[in-house]
Amino acid sequence: MAIPSIPASTTITVLPTNTKPSSLPSTLKSLSLSGKLDEALHLIESHPLTPLPLQTYDALLHACISRKSLHHGQRLQNHLLLRHSTKRKKGRGGNQQSLLEKPALKTKLITLYSVCGRIDLARSVFDSALVGTAPESVWVAMAIGYSRNGCSKDALSLYVDMLRRFVQPGNFAFSAALKSCAELGDFPVGRGVHAQIVKCKDESDQVVYNALLRLYLECGCFEDVVRVFAEMPERNIVSWNSLVSGFAGRGQLFEAFDAFRRMQGEGVGFNWVSLTAVLPVCAQINALCSGKEIHAQMAKSVIRPDMFVLNSLMDMYAKCGVVDYARRIFDGMERRDLTSWNTVLNGYAIARRMEEGLKLFDKMVDSGFSPDMVTFIALLSGCSHTGLTQEGLQLFHRMRTEFGISPSAEHYACLVDMLGRAGRLKEALKVVKSMGKKPSGSIWGSLLNSCRLYGNVPLAEAIAKVLFEIEPKYPVNYVILSNIYANAGLWEGVKMVRAMMEKRGVKKEVGCSWIEIKNRLHTFVAGGGIELRNSEKYQKLWSELMEAMRGVGYEPDTRVVLHDVSEEIKKGWVCGHSERLAAMFGLIHTRSGIPLRITNNLRVCADCHSWMKALSQVTRRVIVLRDTKHFHHFEKAVFEVVWLNPVLLQVRSESFYFVSPRRIVSSLRWNSDSLAKSSPAFAGPLTTLHNLGFAPLHSELIGFRFSALVF
DNA sequence: ATAGGGATAT
């Protein structure tokens, strides 16, 4: 028989009410430490006249703050008020300062009320008496209370008030003021505070510097961020996290990635917050290898990753083209929020596996989660890319009727795209006209793309005309129109578009590709990579490959070159496309059989697509090429991987790969402050990972430093 | 008493 559990609401009083007054303080202290607030208050209230030291109340309030217990805090305050007045009546200690006036208790009471969301009560404690002589700590507690409750303006004016009353600000006040300025995006005042800090004789602490970093980040003054970062005497995890997320927020993804690596190099370590900053970067630059490495570290950790990190991790896998891993993490999560669902659903949309996505959506609704607008953007875009037009249209309808979400411009964009891709251009145009919103450039852009798919030149010309007015400097529109002409064999049109671009000074974005090898990103620009191309290894490999590739039927297709040059030059240009350089680099610098994962910043051209396909065939490598729109998977040469034992993998038709535990040494380190030390050596991780339900998954297995451990 | 965090479309 199971022991009946006690309902959470039941309070058990274990203490006898006849506790001796002399032992009260120590009893109360241990009660506060173990968080037994009910017992503690009961005890205090039953001894209203016993004098208690300040420390006792301090400890009690501390316990109230960490439990966010408004109720107990108020009872305590009432008790203090009561005791104060009783004392006065009896004439004892009449001139003694009430305990409530002690700054230490005031500070704590203010904090308590503000963490409980009762800024009004906090303010009345603050105002209660002796404001003029309140020390810095009370002001700071109040200011932080304000910013905790989203009233940064009040927090900042409190700081100003404090200065007016000649209270000398210290590091705590500075960081509180900087935080408010950062939240308000108030650069001038923030600058002023910075100046005060510089003038202040005391040494600034780490927190003040980090608050300065935050201020300049929020204000968009990145030069100042970098300067403060360089000038500060020490940089801790928080400083580095700010730098990483700062770069990431500005879209400087490689710099963000690099900062994270440097952070590891300096031995700072990382924590969950660092990971929620760097994982989205991995997702965007397709750095699956590093992402997996980070995942391995997470699995090793004794501390459970929180929902934020898991959501980012899922998104990383989804964006790097491995939804299955994202799904496994999702399935293993003990708690999920709306973002978790949205992330996986979007993962299926990216992977063009909407049947599974729709099934999951049904599950989501069944389990009582109400989808939001993001959910529908993911679903609709997925349906549109997979050609599930009927399902998509139905969802668009259900969105309003069943879930009460009125379609936004983004939803209309998905709808238009869906109809356009299905060849229902007339209906798409009808939607554009009737949606009651001004169609954005992106909507017209998606229509133009649909015209490309169906070779509709007249409509394309009309749409392009509109687009050239809305976004005259956006090169992609010109390129698509030019492609449409080229596909139709209308070379005059191609010439015209090019002339237009030259006249308006519109430049095609430079093609750029990168490949991650041994946790390092190698970037190539179209037409670049001279050193690589001049190397002997490259030239030998190139001629061998070209011959083999011709053998499997590859013929260069120079129609993708839209310039009027000789055939030979065209061939040269196509060969210099950045994705090919990255692929060649990958071939040279990895062992045979290891998959190549290449990322391109634009759209992969048709010739590169078939080139990669042939390359995959002749080298028998898996090639995954990601561009801004698609994943190009070339898995003709999938190896079958047999799981022999944790450290030994066998790959059919290849030699044995030994992945010894010693080789799998991480370049990353945990922050020992915030996370428990990772398991000794590699005694635990394999079991951990098995417990997580990870089993090897064909080709992805080989080639990654942590592959043997993780998947 | 003080600093840092995730999802969407062309």
Side-chain angles (χ1 to χ4, degrees), chain A residues 62 65 103-104 107-108 110-111 114 135-145 147-148 170-179 182 205-215 217 236-246 248 271-280 283 306-316 318-319 337-347 349-350 372-382 384-385 408-418 420 439-450 467 471 474 476-477 480 628-629 674:
Chain A
H62 191 82
I65 292 171
T107 306
K108 283 229 155 60
I110 292 172
T111 306
S114 80
E136 190 204 359
S137 67
V138 178
W139 290 91
V140 171
M142 193 62 227
I144 291 160
S147 68
R148 214 194 316 264
N171 283 338
F172 282 96
F174 285 142
S175 23
L178 288 172
K179 187 189 162 99
D205 65 1
Q206 183 88 65
V207 181
V208 171
Y209 277 113
N210 286 338
L212 274 173
L213 285 181
R214 198 75 225 146
L215 167 76
L217 265 179
N236 66 4
I237 275 217
V238 178
S239 339
W240 281 98
N241 287 352
S242 291
L243 191 73
V244 173
S245 63
N271 58 17
W272 296 149
V273 178
S274 329
L275 297 191
T276 45
V278 79
L279 279 171
D306 62 22
M307 212 159 42
F308 280 158
V309 186
L310 289 175
N311 286 346
S312 314
L313 186 69
M314 284 195 296
D315 191 50
M316 183 277 296
K319 295 241 168 73
D337 66 357
L338 189 56
T339 304
S340 320
W341 287 95
N342 286 351
T343 306
V344 189
L345 287 173
N346 185 46
I350 293 172
D372 68 348
M373 50 179 297
V374 177
T375 319
F376 280 98
I377 293 173
L379 290 173
L380 292 173
S381 72
S384 125
H385 289 303
S408 67
E410 289 89 346
H411 295 117
Y412 279 117
C414 292
L415 182 65
V416 170
D417 190 58
M418 187 151 51
S440 62
S442 65
I443 287 193
W444 290 118
S446 103
L447 274 173
L448 186 65
N449 195 45
S450 304
L467 268 173
E471 15 182 63
Y474 187 54
V476 173
N477 298 329
I480 294 180
T628 47
K629 292 279 165 309
S674 54

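All chains are named by letter (A, B, ...) in the order of the sequence lines, taking the proteins before the strands, and each is independently numbered beginning at 1. Excluded from the calculations below are hydrogen atoms, water molecules and symmetry mates; all remaining heavy atoms, backbone and side chain alike, are included.
The residue A:Lys629 sits apart from the nucleic acid: no heavy atom pair falls under 4.0 Å. Nucleic acid contact for A:Val309: base, since at least one base atom lies under 4.0 Å from a heavy atom of the residue. The residue A:Ser381 sits close only to the backbone: its heavy atoms come under 4.0 Å of sugar-phosphate atoms, none of a base. At the heavy-atom level, A:Ser446 lies under 4.0 Å from the strands shown only through sugar-phosphate atoms.
Each of A:Thr339, A:Thr276, A:Asp337 was evaluated against A:Asn311; a single residue qualifies, A:Asp337, per the side chain to side chain donor-acceptor pair (under 3.5 Å) test.
Listed by chain and number, the residues in a side-chain hydrogen bond (donor to acceptor under 3.5 Å, both in side chains) with A:Ser242 amount to none (sequence neighbours excluded). A search for side-chain hydrogen bond (donor to acceptor under 3.5 Å, both in side chains) contacts involving A:Ser147 returns nothing, not counting sequence neighbours.
Counting only N and O atoms by type, the side chains of A:Asn346 and A:Thr343 include no donor and acceptor under 3.5 Å apart. Between the side chains of A:Asp315 and A:Ser312, no donor-acceptor pair is found at a separation under 3.5 Å.
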(request) Please test A:Leu310 against A:Ser340 for side chain to side chain contact (heavy atoms under 4.5 Å, CB included), starting from the C-alpha separation and ending with a verdict. (result) CA-CA 8 Å; A:Leu310 289 175; A:Ser340 320; over 6 Å; no
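A 4.0 Å heavy-atom criterion places the boundary nucleotides of DNA chain B facing chain A at B:dA1 to B:dT10, written 5' to 3'.
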